[in-house]
Amino acid sequence: MKLGDVLILSLALAFVIIGIHQSLTVGIGGSYAIFMFAVGLLFWFQLRRNKTNPKEPEPTQKKKKR
């Protein structure tokens, strides 16, 4: 993983922890935006990871003739 990916993943984890704390103190309505920001960071992390390591197509299996 590159430094940018590590930072994005760490920020997402930090926002999840902050969101849990806020939901316990203020309520889920007060922490909704924090959770959505964390989810956005996770989507961004996944997008960056898929761009750098694209999946190779799986080989097709040939049917055996009887």
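Please read all numbers here as calculations on a predicted model, not as lab measurements.
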Distance, nearest 0.5 Å, that separates [atom1] of [X] from [atom2] of [Y]:
{"X": "Ile20", "Y": "Ile34", "atom1": "CD1", "atom2": "CD1", "answer": "11.0 Å"}
{"X": "Asp5", "Y": "Ser10", "atom1": "CG", "atom2": "OG", "answer": "10.5 Å"}
{"X": "Met1", "Y": "Asn53", "atom1": "CE", "atom2": "CG", "answer": "11.0 Å"}
{"X": "Leu7", "Y": "Lys2", "atom1": "CG", "atom2": "NZ", "answer": "13.0 Å"}
{"X": "Leu41", "Y": "Leu13", "atom1": "CG", "atom2": "CG", "answer": "11.0 Å"}

Where do [X] and [Y] come nearest, in terms of heavy atoms and distance?
{"X": "Ala12", "Y": "Ala38", "value": "O-CB, 3.8 Å"}
{"X": "Ser31", "Y": "Gln22", "value": "CB-CB, 3.7 Å"}
{"X": "Ile8", "Y": "Phe45", "value": "CG2-CB, 3.8 Å"}

Worksheet item: What do you reckon, is CZ of Phe37 surrounded by more than 12 foreign heavy atoms closer than 6.0 Å?
Response: no
Worksheet entry | Side-chain touch Leu9/Leu42, heavy atoms, less than 4.5 angstrom | yes
Worksheet item: Mind checking whether Ile18 and Val39 sit in one hydrophobic cluster, side chains of I, L, V, M, F, W, Y counted as touching below 4.5 Å?
Response: no
Worksheet item: Are Phe15 and Leu24 connected in a single hydrophobic cluster, I mean Ile/Leu/Val/Met/Phe/Trp/Tyr linked by side-chain heavy atoms less than 4.5 Å apart?
Response: no
